Amino acid sequence: MKLNMKPHMVLLLLLFLFLITTTQSSSSSLTHQKKPDNETIYRISKQLCWGCVAESFQFLLAHNLVRAAKWELPLMWDFELERYARWWASQRKADCKLQHSFPEDDFKLGENIFWGSGAAWTPTDAVRAWADEEKYYTYPTNTCEPGQMCGHYTQIVWKSTRRIGCARVVCDDGDVFMTCNYDPPGNYIGEKPY
């Protein structure tokens, strides 16, 4: 089912869904937890990658726009997943090799990876490349065109995935490597993404 929603309506819907989920999660967690003290706030803020906030937002917004087109709930940013993605991106900085972080057939998280020649590639570019695989995916038969890839797209829109964390690194050779991790993972054989 394709919907023809104007971009500003999709953004308003995403903002509304984001506000609902953050309000619900923060109000329920505040009633059961005490407020953090200044030392805790300082320690946590030192761990955050403040220069990465814009990239994180780009990754999250681009993913949630793709999900909104299929009426899937928006993903929430997960700092543990981001930390894992940053670790893996740092491992690829020396060679920029398009390689997953898990041994083959041993995925614990969902993972999309991207390589681009040159340093100008953005998180939005990576998500767009993954989402463009939709044209090769046939929902009624839950198949991908022979010789094409669809798994990046189906992971983005996977119905039970709730959290995401991503990272981008400019490699030593000047190219870009990006990775996103998803929890719970998707792409189960025989199951449709939405």
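Counting begins at 1 with the first residue of the sequence. This one's a predicted model, so the numbers in the text were calculated from it and none came from an experiment.
Using modelled atom types, one side-chain atom of W88 and one backbone atom of Q99 make a donor-acceptor pair closer than 3.5 Å. The closest donor-acceptor contact from the side chain of R67 to the backbone of L73 lies under 3.5 Å. With hydrogens and angles ignored, the 3.5 Å screen pairs a side-chain donor or acceptor of T161 with a backbone N or O of P184. Between the side chain of R92 and the main chain of H100, no donor-acceptor pair closer than 3.5 Å is present. With D175 contributing its side chain and G118 its backbone, the two residues share a donor-acceptor pair below 3.5 Å. Between the side chain of N112 and the backbone N or O of H152 there is at least one donor-acceptor pair closer than 3.5 Å. Formation of a donor-acceptor pair under 3.5 Å by the D125 side chain with backbone atoms of T122 is found in this model.
Side-chain contact annotation: N181 with E111, donor-acceptor N/O pair under 3.5 Å present. Y137 and N142 share a side-chain donor-acceptor pair at under 3.5 Å.
Aromatic pair Y194/Y139: centroids less than 6.0 angstrom apart. The aromatic ring centres of W158 and Y182 sit 6.0 Å or more apart.
Taking CG of L75 as the start and CZ of F59 as the end, the distance is 13.0 Å to the nearest 0.5 Å. Once rounded to the nearest 0.5 Å, the distance linking CG of L60 with CD of E55 reads 13.5 Å. The structure places CZ of F114 at 9.5 Å from CZ of R168, a figure rounded to the nearest 0.5 Å.
R128 and E133 are not joined by a salt bridge, as no carboxylate oxygen comes within less than 4.0 angstrom of a charged side-chain nitrogen. By the 4.0 Å N-to-carboxylate-O rule, D132 lies too far from K135 to be salt-bridged with it.
V157 is not connected to M149 by any chain of hydrophobic side-chain contacts under 4.5 Å among Ile, Leu, Val, Met, Phe, Trp and Tyr, and they are in different clusters. Y136 and I113 are not part of a single hydrophobic cluster, where members link through side-chain heavy atoms under 4.5 Å apart. If you chain together hydrophobic residues whose side chains sit under 4.5 Å apart, Y188 and L109 never meet in one group.
The side-chain heavy atoms of W130 and C180, taken from C-beta on, include a pair separated by under 4.5 Å. Between F102 and K108, the closest side-chain pair of non-hydrogen atoms falls below 4.5 Å. At least one side-chain heavy atom of K70 sits under 4.5 Å from a side-chain heavy atom of E134.
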D183 and R162: CA distance, side-chain angles, deciding distance, salt bridge (Lys or Arg N to Asp or Glu O under 4.0 Å) verdict = CA-CA 6 Å; D183 186 54; R162 294 291 175 259; over 6 Å; no

Step by step, would you call C166 with R86 a side-chain contact (heavy atoms from CB on, under 4.5 Å)?
-> CA-CA 7 Å; C166 305; R86 289 208 177 287; over 6 Å; no

Can you check side-chain contact (heavy atoms from CB on, under 4.5 Å) on V66 and Y153, steps first, answer last?
-> CA-CA 9 Å; V66 176; Y153 164 71; 4.2 Å; yes

Walk me through it: do S101 and Y84 pass the test side-chain hydrogen bond (donor to acceptor under 3.5 Å, both in side chains)?
-> CA-CA 10 Å; S101 66; Y84 181 82; 2.8 Å; yes

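Closest of all the heavy-atom pairs between D172 and A94 is OD2-CA, 3.4 Å. Shortest non-hydrogen contact noted between P185 and S160 is O-OG, 4.4 Å. Minimum heavy-atom separation, E72 to K159: OE1-CA, 3.3 Å. Taking all atoms of both residues into account, the shortest heavy-atom contact from W77 to S56 is CZ2-OG, 3.4 Å. Among all heavy-atom pairs drawn from I156 and A131, the shortest one is CD1-N, 4.1 Å. Summarising the geometry of G186 relative to Q155, their closest heavy-atom pair is N-OE1, 2.9 Å, with the distance given to 0.1 Å.
The neighbour count for K192 NZ, taken as heavy atoms of other residues, nucleotides or ligands under 6.0 Å away, is above 12.
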